[in-house]
Amino acid sequence: MCSLQALCSGLPLRPLPENQGRWAGVPHAPVRTPGLSPAEEQLALKNALRYFPPDVQEVLAPEFAQELRLYGHIYMYRFCPDLEMRAYPVEQYPCRTRAAAAIMLMIMNNLDPAVAQFPQELVTYGGNGQVFSNWAQFWLTMSYLAQMTEEQTLVMYSGHPLGLFPSSPEAPRLVITNGMVIPNYSSRTECEKLFAMGVTMYGQMTAGSYCYIGPQGIVHGTVLTVLNAGRRYLGLQDLAGKVFVTSGLGGMSGAQAKAAVIVGCIGVIAEVDGAALMKRHRQGWLMEVTDSLDHCIERLREARKRKEVLSLGYHGNVVDLWERLVHELDTTGELLVDLGSDQTSCHSPFNGGYYPVQLGFAEARSLMASDPTAFKGLVQESLRRHVSAINRLAQEHFFFWDYGNAFLLEAQRAGADVGKPGANRTEFRYPSYVQHIMGDIFSQGFGPFRWVCTSGDPQDLVVTDRLAMSVLEEIVAGGVTPAVKLQYVDNIHWIREAAKHQLVVGSQARILYSDQKGRVAIAMAFNQAIARGELKAPVVLSRDHHDVSGTDSPFRETSNIYDGSAFCADMAVQNFVGDAFRGATWVALHNGGGVGWGEVINGGFGLVLDGTEDAERKARRVLSWDVANGVARRCWSGSPTAYEVICQTMREDSSVAVTLPHAVADERVLQALQQ
Ligand SMILES: NC(=O)c1ccc[n+]([C@@H]2O[C@H](COP(=O)([O-])OP(=O)(O)OC[C@H]3O[C@@H](n4cnc5c(N)ncnc54)[C@H](O)[C@@H]3O)[C@@H](O)[C@H]2O)c1
């Protein structure tokens, strides 16, 4: 077995590691069907071989050709390390700068089999969220990071490490771009081809930017979503005895079961893939499992009656579950579900993201590879049945929302009845959770801030939880508006309870929704604790790309932007550039992520706090811009909440000056246009 030292010493070539192919016992990505022409196949193989000197190409060429034929992509399985992949503590990585070691820790975490969805295919979550395109890129990146100094920056082109280039200690150590293609060529078909040729990559959000922290990353958001859905749709603070039905127990969707239990309701989650379902069950995130619809309904009735807190995994297709709920309603008059959503990977519906109800799991995997056109037809028919069952239930006291997976968008493309008369282009019959449920939190500057303790010591996480909680309590005690206080109270409750729910999978990480003031204050408190030695090692600050200013996504993060700019992506690009020159340790900009290729531009950052004054200065600048950018944009596009928040920011910081919109009366516009 190789060591961490060896892992950071460049591609192992002499001797070549043994080719063990695909391992048994770990989930594997579905076969991809890029539809390459013979010339494109040649290019794909040539591109893969250029990582290797000619003397080993003779062995590797036929092997890579075989991978391309069998799996639709060259992953280079031979180079899959035999070292246990996990977030080793920061001091164990060979390095010349601590920042590089922290980045290595984050990469290793994204590829940890306990964390990653398809570890051997370098997919962290979301079905196709790649960390790298192939294993050669992984080895080279680790070796560049091990050599890198404070005077260099590593440049990543969609998984490919272009190399180290001179920069400065002020510059990011790493700049990542994923999936950046010329806009007119940003179609799904093109993406599949370019990925197979090894020249682009779908980095999802935090997969290709190395900032994934396991399903915990979404648990907090899902808790807030289900809680607020209960408040908004059912008028309830307490969800005891209420039923939430959804699908998906994968990378992010696995959070739904845990969230249902945290909010105290009954969560029934359908999952077609037995391996994904059992992984969550083993982790203790899913209380009970069944593959019988009869048992599922019986258990659900019983739990409702007794107001039990329950997460129940149904091993089967979610459409069967919805149709059964309709059957129960139509035959007994009993509505067994109150809230509903969906977290299949509809951002990639024809490559294993969405399994059609007409086929079993294995049958579906085989058809998607052998006859992609027939498979697509079945997926679309299944989506129509899916929506029609939901529409029937929604005639009663049942509420459904789109949970950011492009479900309604794909259902609409499949011809399902999801339209809303008189709606604008980003609205459907059911709301997006961002528009309706989360409220205008992005305008307030609240979003999924997160951190990772690079010591790997759970005790450090306990200390950071405590520090973050007292920082938030101090801010509330200092006086905030009632709307902001509501957010703070939920977030203080979350951080107080977080450790009890054993949310850590992989690195010692925590997610905590916070606004600009909270994020900066938490960063300062952590940095001082590192300086005092209260925390044993640096802390990486980051956030989900799904945040105030990280993401331009017209059906999700920016679905409530109504000035016509929802289809523009200046905010995310400005965010990436602005974070970079203000002191982020690394930055990333992605095409695709969450809702799919070509549908969104999003960016993220990582910032290493090491207890120095320099780190404090950088954190203050980066975190302020990282939030203020999005609030100012939301203010300009007409959000009154954002207007208030940005005015407050300007009062508190005289170096901020924002263009504020004037009120424009509709009559003035109409009259002028009619003249
Ligand atoms: N709401 C958010 O903030 C948010 C955050 C991250 C990801 N997402 C999106 O949510 C989706 C899910 O993300 P993920 O990381 O969990 O993906 P995933 O691919 O790991 O999980 C989806 C699961 O759905 C299952 N599935 C597919 N079709 C099914 C069907 N018809 N019935 C039952 N189960 C079915 C799959 O087997 C898979 O395990 C993605 O589209 C992702 O982009 C949303």
Side-chain angles (χ1 to χ4, degrees), residues 27 29-30 115-118 123-129 202-207 212 214-215 217-222 224-226 245-257 259 268-280 313-323 341-361 364-365 368 378-379 382-383 385-386 389 401-411 432-434 437-438 447-448 511 544-547 550-551 553 555-557 590 592-597 599-600 602:
V115 172
Q117 186 181 14
F118 305 126
V123 170
T124 301
Y125 73 97
N128 57 353
Y202 191 76
Q204 265 284 10
M205 291 193 150
T206 51
Y212 190 68
I218 199 181
V219 173
H220 187 23
T222 310
L224 294 176
T225 302
V226 179
V245 170
T246 181
S247 62
L249 287 162
M252 297 298 240
S253 47
Q256 298 177 111
V268 184
I269 304 107
E271 170 57 66
V272 282
D273 179 355
L277 178 108
M278 291 317 292
K279 184 171 174 179
R280 296 300 170 212
Y314 166 60
H315 183 197
N317 199 293
V318 72
V319 179
D320 283 327
L321 178 59
W322 285 120
E323 289 182 345
S341 194
D342 187 88
Q343 271 230 290
T344 55
S345 277
C346 268
H347 69 274
S348 174
F350 312 121
N351 292 305
Y354 182 92
Y355 285 83
V357 63
Q358 307 88 325
L359 303 176
F361 182 61
R365 285 199 131 195
M368 80 180 74
L378 291 181
V379 165
S382 182
L383 281 166
R385 275 174 62 180
H386 199 148
W401 68 87
D402 185 286
Y403 199 21
N405 60 341
F407 173 70
L408 293 176
L409 182 64
E410 278 311 322
S432 151
Y433 75 115
V434 176
I437 301 175
M438 299 293 280
I511 181 149
D544 194 348
H545 295 198
H546 162 76
D547 194 17
T551 294
S553 177
F555 295 97
R556 213 169 91 168
E557 286 81 356
H590 297 187
V595 287
W597 183 264
E599 308 281 359
V600 45
N602 63 94

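In each ligand, atom 1 is the first atom listed, and ligand 1 is the first ligand listed. Note that the numbering runs from 1 along the sequence shown for the chain.
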Value for NZ (K279) from CD (E271), rounded to nearest 0.5 Å, stands at 11.0 Å
Residues G127 and S345: closest non-hydrogen pair is N-OG, 4.4 Å
For G594, the ligand 1 atoms with a heavy-atom partner under 4.0 Å come out as 41 (O), 42 (C), 43 (O)
For a side chain to side chain donor-acceptor pair (under 3.5 Å) check, start with the C-alpha distance between Y354 and S382, then their side-chain angles and the critical distance, and finish with the verdict.
CA-CA 9 Å; Y354 182 92; S382 182; 3.1 Å; yes
Ranked by distance from atom 11 (C) of ligand 1, the top protein heavy atom is T344 O, 3.5 Å
side-chain contact (heavy atoms from CB on, under 4.5 Å) with D342: of D402, L408, V318, only one passes, and it is V318
re atom 3 (O) of ligand 1, the protein heavy-atom contact at minimum distance is Y433 OH, 3.0 Å
message: Is there a polar contact between ligand 1 and F361, counting only N or O atoms under 3.5 Å apart?
response: no
Applying a strict 4.0 Å limit to heavy atoms, is Q204 in contact with ligand 1? yes
Item to check | Contact (N/O only, under 3.5 Å) between S253 and ligand 1 | outcome: yes
Heavy atoms of A270 and G316 approach each other most closely as CB-O, 3.8 Å
Within 4.0 Å of some non-hydrogen atom of D273, the atoms of ligand 1 are 37 (O)
* Please check if the side chain of N602 supplies one atom and the backbone of G592 the other of a donor-acceptor pair under 3.5 Å. => yes
Under 4.0 Å between heavy atoms, the region of R556 that gets near ligand 1 turns out to be side chain
Ligand 1 atoms nearer than 4.0 angstrom to some heavy atom of G126 are 14 (P), 15 (O), 17 (O), 19 (O), 20 (O)
Practice task
Kindly determine whether H590 and Y202 satisfy side chain to side chain donor-acceptor pair (under 3.5 Å), including the steps that lead there.
Solution key: CA-CA 8 Å; H590 297 187; Y202 191 76; over 6 Å; no
(message) Closer than 3.5 angstrom, by distance alone: can the side chain of T551 be matched with the main-chain N or O of D547 as a donor-acceptor pair?
(response) no
Check: Under 3.5 Å, N or O to N or O, is E271 touching ligand 1 that way?
Finding: yes
Closest to atom 32 (N) of ligand 1 among protein heavy atoms sits V318 N, 3.1 Å
Atom 1 (N) of ligand 1 sits nearest the protein heavy atom Y403 O, 2.8 Å
among protein heavy atoms, the one nearest atom 7 (C) of ligand 1 is M252 CG, 3.8 Å
The closest protein heavy-atom partner of atom 34 (N) of ligand 1 is V272 N, 3.3 Å
For Y125, does its backbone N or O pair with a side-chain atom of Y212 as donor and acceptor, under 3.5 Å? no
Note: V319 and R385 closest approach over all heavy atoms is CG1-CB, 4.1 Å
Original post:
For ligand 1, is there an N or O atom under 3.5 Å from any N or O atom of V595?
Top reply: no
The answer for which part of I218 has a heavy atom under 4.0 Å from ligand 1 is side chain
Atom 40 (C) of ligand 1 has as its nearest protein heavy atom H347 ND1, 3.3 Å
Is there a donor-acceptor contact under 3.5 Å from the side chain of Q343 to the main chain of L249?
-> no
### Query
Ignoring hydrogens and geometry, is there a side-chain-to-backbone donor-acceptor pair from H315 to V272 under 3.5 Å?
yes
Ligand 1 to Y125, heavy atom cutoff 4.0 Å, flagged ligand atoms 15 (O)
Exercise. Looking only at distances, please establish whether an N/O atom of ligand 1 is found under 3.5 Å from an N/O atom of G248.
Key: no
So for Q343 against ligand 1, with non-hydrogen atoms under 4.0 Å, the contacting part is both
Check your understanding: Under 30°, 30 to 60°, or over 60°: which ring-plane class applies to H386 and F407, parallel, tilted or perpendicular?
Key -> tilted
Looking at G251, G353, G352, the heavy atom closest to atom 20 (O) of ligand 1 belongs to G251
Atoms of ligand 1 under 4.0 Å from any heavy atom of G316, numbered from 1 in the order shown, are 33 (C)
In this structure, atom 17 (O) of ligand 1 is nearest to the protein heavy atom S345 OG, 2.9 Å
Discussion item. Side chain or backbone, does Y355 bring an N or O within less than 3.5 Å of an N or O on ligand 1?
Written reply: yes
For A270, the atoms of ligand 1 under 4.0 Å from one of its heavy atoms are 33 (C), 34 (N)
query: Is the gap between the ring centers of Y403 and H546 under 6.0 Å?
result: no
query = Is there a heavy atom of G217 sitting under 4.0 angstrom from any atom of ligand 1?
reply = no
Evaluate side chain to side chain donor-acceptor pair (under 3.5 Å) for Q204 paired with H347, printing each intermediate quantity in order. CA-CA 10 Å; Q204 265 284 10; H347 69 274; 3.3 Å; yes
